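Note that the structure is predicted; figures quoted are calculated from it, not measured. Letters A, B, ... are given to chains in the order of the sequence lines, protein chains preceding strands, and every chain is numbered from 1.
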Amino acid sequence: MNQHIDAIVALSAILFSMGVLGVLTRKNAITIFMSVELMLNSVNLALVAFSRLHNDITGQMLVIFVMAIAAAEVAVGLAIVISIFRNRQTADVTEINLLRW
Amino acid sequence: MIVDILFYITALVAIISGLLVITGKSPVTSALSLVLNFFCIAFIYLMLEAQFLAIIQVIVYAGAIMVLFLFVIMLLNLQDDMTLFERFDLKKGFAVLLTGLFLLEIAYIFSLDSVSVAPKGVTGASFPELGTVESIGKYLFSDFVYPFEMISVVLLSAVVGAVVIAKKKVD
C-alpha cells in the first residue's frame with residue numbers, strides 16, 4: 001500500500017478542492033457544513049497516509065482529535081442553523097445578515 | 001495487484017460521491033453521498049492499516065455526525081438549493097477558477113524536485129501494529145493524555161453550547 005502514498009495525497013488534494021468549491025458556491029448552510037466535513041476528511045486522509053509512511057503514530061492521534069473537534073463543530077453549527085431558521089425561516093446564507101452593522 | 005485495482009476503484013467512488021455532495025440538488029442527496037464518501041475513506045484507512053481509525057470513521061462520521069445532519073434536514077424542511085451548474089453566474093465561475101488555481105498550486109508544489117511526498121531515507125516499511133486499538137490506546141493515555149483531557153472539555157462545552165443555542169426561548 002505504501003507505493004500508493006502519492007495517489008492518496010493526490011486524492012486528498014482533490015477532495016479538499018471539492019470542499020472549497022462547495023463552500024464557495026453553495027447557498028444552503030447545511031450543504032456548506034457538509035463541504036467543510038469533506039475538507040476535514042481529506043486532511044485526515046493525508047494525515048493517515050503520512051503517519052503510515054513515516055511509521056509514526058502522531059498523525060493518527062491528530063486524526064482522532066480532528067474527528068472530536070469536527071463533532072463539536074457540527075453540533076454547535078447545526079444548533080446555530082436551527083436557531084436562525086426558527087427566527088428567519090431560511091437557511092440561505094445570502095439572506096442571513098445578523099452581524100452586518 | 002488486486003489491492004491496486006481496489007484502491008483505484010475506491011478513490012474513483014470517493015471522487016464521484018464528493019462531486020455529488022457539492023452538486024446535488026437536495027440536501028438529502030448531498031448527505032447520502034457524503035456517507036458514501038466517508039465509507040470510501042474508511043476503506044482507504046483500512047488499506048493503510050489504520051484499523052482503529054477506519055472503525056471510528058464509520059461509527060463517528062458515517063454514524064453519529066451524518067445522523068445529526070439528516071435530523072436537522074428533516075427538522076428544517078429545506079427547499080432544493082440551486083445546483084452548481086444551473087444559473088452559472090460570474091461569482092460561481094470565479095469560485096471554480098479559484099479552486100482550480102488552488103489545485104494547480106498543490107500539484108506544482110509536489111512536482112518540485114525539492115519537495116517530495118516520501119523523503120529520502122523513509123522506507124515506508126509495513127508495520128501493522130501501528131494502527132491497532134492497543135497502540136492507539138497506549139499513546140492516547142500516555143503521551144497524548146493532556147490533549148485528550150482538553151478534547152473532553154471541548155466536547156462538553158460544545159454539548160452545553162448546542163443545547164443552549166438551539167433551545168426555544170422561554171420568556
*Measuring from A:Leu38:CG to B:Ser17:OG, what's the distance to the nearest 0.5 Å?*
8.0 Å
*Between A:Val48, A:Asp56, A:Val81, A:Val76, which shows the greatest number of heavy-atom pairs under 4.5 Å with chain B?*
A:Val48
*Taking the side chain as every heavy atom from C-beta outward, state whether B:Ile15 and A:Met18 have any atom pair closer than 4.5 Å.*
yes
*asked:* For a quick test of reading the model, state the closest non-hydrogen atom pair linking B:Leu155 to A:Ala68 and the distance between them.
replied: CD2-O, 3.7 Å
*Out of curiosity, B:Phe7 CZ to A:Ile8 CD1, how far, rounded to the nearest 0.5 Å?*
4.5 Å
*Roughly how far, to the nearest 0.5 Å, is the CD atom of A:Gln60 from the CD atom of B:Glu49?*
10.0 Å
*B:Tyr61 portion near chain A, given a 4.5 angstrom heavy-atom threshold*: side chain
*Is there a chain of hydrophobic side chains (I, L, V, M, F, W, Y, each step under 4.5 Å between heavy atoms) that links B:Phe110 to A:Leu53?*
yes
*Given a strict heavy-atom distance threshold of 4.5 Å, which part of A:Met34 is in contact with chain B: side chain, backbone, both, or neither?*
both
_Quick check: closest heavy atoms across B:Tyr45 and A:Met67, and the distance to 0.1 Å?_
CE1-CE, 4.4 Å
_Contact class of B:Tyr8 relative to chain A, heavy atoms under 4.5 angstrom_ = side chain
*What distance do A:Phe50 atom CZ and B:Leu48 atom CG have between them, rounded to the nearest 0.5 Å?*
11.0 Å
_Interface moiety of A:Asn44 toward chain B, non-hydrogen atoms closer than 4.5 Å_ = both
*For A:Ile57, is it the side chain, the backbone, both, or neither that has a heavy atom closer than 4.5 Å to a heavy atom of chain B?*
both
*So which part of B:Leu34 gets closer than 4.5 Å to some heavy atom of chain A, the side chain, the backbone, both or neither?*
side chain
*Is it the backbone or the side chain of B:Ala64 that comes under 4.5 Å from a heavy atom of chain A, or both, or neither?*
neither
*If Ile, Leu, Val, Met, Phe, Trp and Tyr residues are connected whenever their side-chain heavy atoms lie under 4.5 Å apart, and connections chain through other members, are B:Leu46 and A:Leu11 in the same group?*
no
*asked:* Out of B:Leu140, B:Val159, B:Ile106, return the one with the most heavy atom pairs under 4.5 angstrom to chain A.
replied: B:Leu140
*Between B:Lys167 and A:Arg86, which heavy-atom pair has the shortest distance, and what is it?*
O-NH1, 3.6 Å
*Look at A:Gly77, A:Ala75, A:Gly19 and state which one has the largest set of heavy-atom pairs under 4.5 Å with chain B.*
A:Ala75
*Quick one: do B:Phe141 and B:Val154 end up in the same hydrophobic cluster if we chain Ile, Leu, Val, Met, Phe, Trp and Tyr together by side-chain heavy atoms under 4.5 Å apart?*
yes
*Does any non-hydrogen side-chain atom of B:Ile22 lie less than 4.5 Å from one of A:Thr25?*
no
*asked:* Test of understanding: clusters of I, L, V, M, F, W, Y form through side-chain heavy atoms closer than 4.5 Å, transitively. Do B:Leu6 and B:Ile44 belong to the same one?
replied: yes
_If I measure from the heavy atoms of chain A, does B:Ile151 come under 4.5 Å with its side chain, its backbone, both, or neither?_
side chain
*Residue part contacting chain A, namely of B:Phe102, when any heavy atom lies under 4.5 Å*: side chain
_With no hydrogens and no angle check, just 3.5 Å: does a side-chain donor-acceptor pair link B:Gln57 and A:Asn41?_
yes
_B:Lys92 NZ to A:Leu21 CG distance, which is reported to the nearest 0.5 Å_ = 10.5 Å
*Are any non-hydrogen side-chain atoms of A:Ile64 and B:Ile56 less than 4.5 angstrom apart?*
no
*Most chain A-contacting option - heavy-atom pairs closer than 4.5 Å, from B:Leu76, B:Val60, B:Leu75*: B:Leu76
*What closest approach, in Å, do A:Leu15 and B:Ala14 show between heavy atoms, and which atom pair accounts for it?*
CD2-O, 3.9 Å
*Portion of B:Leu98 that has a non-hydrogen atom of chain A nearer than 4.5 angstrom*: side chain
*asked:* Just checking A:Phe65: does its CZ atom have more than 12 heavy atoms from other residues, nucleotides or ligands closer to it than 6.0 angstrom?
replied: yes
*Look at the side-chain heavy atoms of Ile, Leu, Val, Met, Phe, Trp and Tyr, link any pair under 4.5 Å apart, and say whether B:Leu68 and B:Val21 land in one connected group.*
yes
_Top contributor to chain A contacts, counting heavy-atom pairs under 4.5 Å, from B:Pro147, B:Ser152, B:Ser33_ = B:Pro147
*Can you check whether B:Leu130's main-chain N or O pairs, donor with acceptor, with A:Arg52's side chain at less than 3.5 Å?*
no
_Could you tell me if the side chain of A:Val20 sits less than 4.5 Å from the side chain of B:Leu103, heavy atoms only?_
no
_Side chain, backbone, both or neither of A:Ile80 within contact of chain B (heavy atoms, under 4.5 Å)_ = both
*Under 4.5 Å heavy-atom distance to chain B, tell me which part of A:Phe85 shows up: side chain, backbone, both or neither.*
side chain
*Is the shortest heavy-atom distance from the side chain of A:Thr58 to the side chain of B:Phe144 under 4.5 Å?*
yes
*Quick one: of A:Ile82, A:Leu78, A:Val23, who has the most non-hydrogen atom pairs under 4.5 Å with chain B?*
A:Leu78
*Does any non-hydrogen side-chain atom of B:Phe94 lie less than 4.5 Å from one of A:Leu24?*
no
*Measuring from A:Glu37:CD to B:Phe38:CZ, what's the distance to the nearest 0.5 Å?*
5.5 Å
